Structures are given as C-alpha cells and as structure tokens.
Amino acid sequence: MIVASVVVLLVATAQENIAKQRIATGFGFFDDEANFAIIQTLIPYSETSSYARALLVGLLNTLLVAALGIALASVIGFTVGIARLSPNWLVARLAAIYVETLRNVPLLLQLFFWYFAVLRALPRPAASLSIGDAVFLNNRGLFVPALSFDGMAWLAPIVLVMMVLASRVVSTRTRAGTRWLDRWPRAGLIAFGVVSAAGILAFTVRAEVPALTGFSFQGGVRVIPELMALVIGLSTYTAAFIAEIVRAGIQGVAKGQHEAAQSLGLSRWQTLRLVVMPQALRIIVPPLTSQYLNLTKNSSLGTAIAYPDLVHVFAGTALNQTGQAVEILTVTMVIYLTLSLLTAAAMNWYNSRLRLQER
Amino acid sequence: MQRSLLLSLAGGLLAAGIAAPATAAGGDTLAAVKARGYVKCGVSEGLPGFSSPDEQGNWSGIDVDVCHALAAAIFDDPNAVRFSPLNAKERFTSLQSGEVDLLSRNTTITIQRDVALGLEFTGVTYYDGQGFMVRKAAGVTSAMGLDGAAICTQSGTTTELNVADYFRANGLTYTIVAYEKEAQAVSAYDDGRCDAYTTDQSGLYAQRNKLRNFDEHIILPELISKEPLGPAVRQGDDNWEDIVRWTLYAMVNAEELGVSSQNVAEMRRSESPEIRRLLGEEGSFGEAMGLSNAWALQILRHVGNYGEIFDRNLGEGSPLKIERGKNALWTKGGLQYAPPIR
C-alpha cells in the first residue's frame, strides 16, 4: 500500500515536472526517423528508419550477444568446473587459476582488455591474416564468405535424405543375405546421394568472398571486433562462476554414488556422465539460471566498447536525440525484465524436468 | 556538443531555479565584481587551447584569456580572476545561478541556448565546426574521399547526427563506431579501428597531440557543421553584457588596427583617430560602461590583441598549430569582424 502510493506520488511529480520543463512526452517519437547509423544490424536498417526499428536492431544485437555468450560460457564453464576436480594436479591448478583470475577482475576492465588488446594486436585491413584468401581477420573484424543459395539448392538435402532412407530400406530387405551383399547396395545408395547432393550444391550455391576495396573489405559476412570482444569477455567471465557452480554440484553428489559406480566397473568418465552429472544438474541448474541472467544483463556493458546493443542504441543515442528519458528508460527496463523472466521461465522448466521423479 | 539532453537537463534545473537567483541575475554585475575585487569565470575542465590548467593550477587558453582581458579592463590587473571548471551539464546552471559572472567555455551559440536558457552570447571567440582526422597514409585529402570509411566518434552527441546527415547528403557509405567516452574513441582510432575520427575541429587538433604518432595524421579541410564558440552572460544586465562584448571587440579591432601588447605604448601617440579612440585618448566610452577610458589600453597591455591570444593558445605559438582559417580577420578572408569603436 505504502509502496503503491509512493510510486503514484513519484509518477505524478515526474509528470508535473516534465510538463513544467516543456519536455515532449508520449511514445509518438517511435515513428520518427532515427537519423543515425548503427554499425551492426541483423535486420535491414538505415538512417531513415524509425526509432522503433532502431529499438528492434538494438534488441536483436543484445539477444545475439546473450545467446552466443550463454552457449560459450556453458561450454567453458562445464569444462573448467570438471577440470578443477581432475586428479591431474596441473589440470586442476590451471582450472583454479582460471577461475580465481577471471572472477576477481571487474568485467568492464576485462572487456576493455579484450577489446583494446585484441584491436592493438590485429593487423590493418591491407595486411589481414587470411585463410585461403577467403576468410580474413583484421582490426575491422572477421570477414567470412557469405553463402547465397538460389534456384534448386533445396533439392540437395532432399536427395541426400531420400538416399539415406532408401539405404535403410535396402538393408532391412537384404538382412537375410550375406554381409557383403548387405553392405554394397547400402554404401552405393549413400554414395550416390552424397555425390548428387554435392553436384546440386556446386551449381546452386555461390560464395561471396570478401574483397579488399577502398578502406576495408566489402562483401561476405563481417563479425565486428566489438562483438568478438564482448562475447569473449562475457563468456570467459561468466564461465568462471559457472565452473564453481559445476564443481559445487559435482561435489554435492553423495560420495557413495561415486564409489558404487566405480565398484560396478564404470570408468571415471562413465561415472561422471551416467551417475554423477544427472544428479549434479539438479544442484547446478538453479544457480546456473542466475548466471545466464547476469550474462544477459551484463551485455549492456558492451556500450562501453561501442557494441550497438539495446542500451547503446536506444537508451544512449536515441535518448540523447529525443530527450525523452522517462519513456525510453522505462521501455528499456521492461525489455530487460521480460528477457530475464523468459530466461528464468525456460530454466525453471528445464529444472522441473530434471527433478527426481517420485513414483 | 551534447546539446539536446544537456539542454533538457539544464532547462529543467533553470525552470526550477530561475525564481531564486533573480536578484543576483538582475542585479548590477559590475558593481558586485568591483566590490568583490575579482571576476568569477566559468571555464572547461580542461580542453587544450581553450581552457586547461597546468601542473601549478594556472589556467591558459583562449577562453581563459577572455577572462583575463575582462579583468584587465575592469581592474587593470589580468589576474583578478577566479576560474571555475565546469562540466557540460553544470555550465548553464552555474551562470544562471550567479556562481560565475561569465561563461567562457567553448560553448556553441545556438538559438535554443540564447532564447530558452536566459543567456546572452556576446560574440564569437572561435569559429569551429565538426571535422575529420585521418591518417596521412590513407591518401585522403577531402571528406568526399571517405566513402566506405569506418568513423570513430563519441556516442550521444550531435556529431553522430552530423556525420549521418553529411554522408547521406553526399551519397557516401560509411560505418560509425560510437564510443561512450571521447578518450576511448580516440584510442580506438589510434589503434586502427577506424579510418577517421570526428569531433569539433578544434578538438581534433587537441586530440591529435595525444596520439602516438602525431605527424601521421591530418585534419581534413571540410567542416560539416557550424559551431561558433563564444562567451555567455546572464540575460538582464545590459551593461555587463556590453562590457564582455566590447572586451572581445576591442581585441579584434586592435588586431585590425595593428595595435598589440608590444607596441601599445607607442600607439598611444598615434595620429590615427581610430587608434586614439580605441586606446581612450579620445572619447569616453570606458566611462559610459562604468570603466576607465583606458579599458582597452589595459586589455592590450596585459593580454594582447585577438591575433596574439589566438597565436599563443591555438596557433603557431602553441602546440596545437591551428591555422587561422575562418578565424582570420575579415580583411584577410576570415570571419572575425568587430563593429568599430566610435
């Protein structure tokens, strides 16, 4: 009740002050031309696009970083967490050093390190590092060929799938025969599928190879260094926390489970995979959710290294241009809240699936 | 530079505070300054060439020299000034609330600031505009050659907008890399992230001195926006506004008439009526403003003419080595033009 009345009071005061200052209000600006450019756009966008479009561009950039970061952080985190419990002294030590270093240095500093150190180390476009003159790495980013499919390219996977299915049918039909007779038609059908699919692709897929023209590379797909630095920085940092969560989860499984598995003759890896991990996940998932949420929210630090995320594009440039701080910050906060709630909901669903099934 | 947000902030603060300092604002600033014994001058927090402190805390720069000139005109002592470093957000509020007597802080004159913030601008100390810095090795000599370039800048300022407008109008492609802080944008440009760096041209000169290899960078001649910088005073004290305005005019007129800190003593004996009026040998313009008739003489003796303060702070006599360009006298193809003293 008190909270509600305080909120009402604050809103009323804000409205009154805004009216007094003659600051424009409302969401009408969403349809106005944004008039500024964004370095990375996953959907078509130009200076003449609306602020609403700019918001969407920023949101997609945030989602991209969050998705890549969560995937990478999970892989690194589980690896390091398991490595910390390795009987190999060196591996366990290295994992411990990783965790202690990464989680004890402020994330913003790590982002600056990744961004500015990486930038400084990379060559200029004219002296790019390249793989087969198709993939280029320089201080403007990573340039890879863009594949464009046209015409009948969709036939390729269909042919392949059909041949694989046919080989299954053949192999069941000839099960009664000898082993050799059994294998030949099968291998032949699959080989035919692969060759014809490759043939179709060769005629229908075009790779647009990036080429150095003027100041930088044109064509192909460009991964900007801001994105690389942000994904690396966020995932290695969050992975340090995930590693500790994984370690705690594994150690939280009763010791008797290890011993029982080993007395059954399971190897160390089998013990981990079949016995320990399924039980450890029940402990791991709830705190892991928090780390995923943290990573998504921390992605807003990308604004410091010029990554055009939601905060940079919308709560930064758009806010400065329109001056409508209240509306823009409210929208931004609601979006982050929604993202977090959605992530949490998905993780809770996963967690409920892992729960002990009581019969 | 960060106009829209700052204005709304400053505007809001002003709207709230405008009633309270009305007495200070509407009062006789000259009398208050004389009674106090020094001028309170709002400057930047450190922009080389305009206003920046050295290790001992002594301020220098063209904006600082405007304050010294004002003190010389009033007290015959250029050092009767106290400087208040102000950030972009504080500056207008500080002036409006009477914390400073004038704002001499690389501030762009715009209609909104003039009509909506209760300020009066008293002239242009420096004609600036947004420009580009590129590497010499890129072989670019004009902004029209920046097609396809990556451009570093500070985000949330009108520079982003100016670049977008300019490139669109000229049908050029570009990618903009916008950093939260000026220092990061400069550092990224220095590391090769961008082909060009953009901000106000005077800022380009100041930032160029901080780059690893100063000589490898050039500043392109085009200006893509108008940024006339000048001192501002509170609205409502016309005499004070006149004093600040004619302090700058006196320095520009002196340069045009060839009167400098070196020759001002001989020039007092000049036959030229224009020079005689400037130096107070004829007429009584100083007294009309509540100063001595030697007010301009005092400015020139202690501080110098416009050409001298430009040269010492921004031009050949400074580390920035900015050409006079648009800031040359109107007689030499520039824009610096002062109404006559008569």
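Since the model is a prediction, treat every value here as computed from it, not as a measurement. In what follows, chains carry the letters A, B, and so on, assigned in the order in which the sequence lines appear, proteins first and then strands, with residues in each chain numbered from 1.
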Student: Between A:Leu122 and chain B, which part of the residue has a heavy atom less than 4.5 Å away: side chain, backbone, both or neither?
Tutor: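 Answer is neither: A:Leu122 stays 4.5 Å or more from chain B.
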Student: Measure across B:Ile176 and A:Ile39 and return the closest heavy-atom pair with its distance rounded to 0.1 Å.
Tutor: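 Reported closest heavy-atom pair: O-CB, 3.3 Å.
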Student: Is there side-chain contact between B:Thr175 and A:Arg222, with at least one heavy-atom pair below 4.5 Å?
Tutor: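 A side-chain contact exists here, since the closest heavy-atom pair is under 4.5 Å.
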Student: Is B:Arg168 close to A:Thr48 at the side-chain level, that is, under 4.5 Å between some pair of heavy atoms?
Tutor: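 They are in contact (side-chain heavy atoms under 4.5 Å apart), so the answer is yes.
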Student: Chain B heavy atoms under 4.5 Å from A:Arg140: which part of the residue, side chain, backbone, both or neither?
Tutor: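 Both parts, backbone and side chain.
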Student: Please indicate whether B:Glu323 has more than 12 foreign heavy atoms, meaning atoms of other residues, nucleotides or ligands, lying under 6.0 Å from its CD.
Tutor: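 Open.
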Student: Output the distance between atom CD (B:Gln184) and atom CZ (A:Phe112), rounded to the nearest 0.5 Å.
Tutor: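 Taking CD in B:Gln184 and CZ in A:Phe112, the distance rounds to 4.0 Å.
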Student: A side-chain contact here means heavy atoms from C-beta on lying under 4.5 Å apart; do B:Tyr179 and A:His312 qualify?
Tutor: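 B:Tyr179 does not reach A:His312 side chain to side chain.
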Student: Could you tell me if the side chain of B:Leu146 sits less than 4.5 Å from the side chain of A:Phe215, heavy atoms only?
Tutor: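 Touching, per the 4.5 Å side-chain cut-off.
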Student: Do the charged groups of B:Asp190 and A:Arg120 touch, with an N to O distance under 4.0 Å?
Tutor: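 So B:Asp190 does not pair with A:Arg120 through a salt bridge.
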Student: Is A:Glu47 close to B:Leu161 at the side-chain level, that is, under 4.5 Å between some pair of heavy atoms?
Tutor: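 No, too far: nothing below the 4.5 Å cut-off.
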Student: Is it the side chain or the backbone of A:Tyr307 that comes within 4.5 Å of chain B heavy atoms, both, or neither?
Tutor: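 Contact with chain B is absent: no heavy atom of A:Tyr307 under 4.5 Å.
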Student: Measure distances from A:Glu226 to the heavy atoms of chain B and classify the residue's part below 4.5 Å as side chain, backbone, both or neither.
Tutor: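 Side chain of A:Glu226 only, per the 4.5 Å heavy-atom cut-off to chain B.
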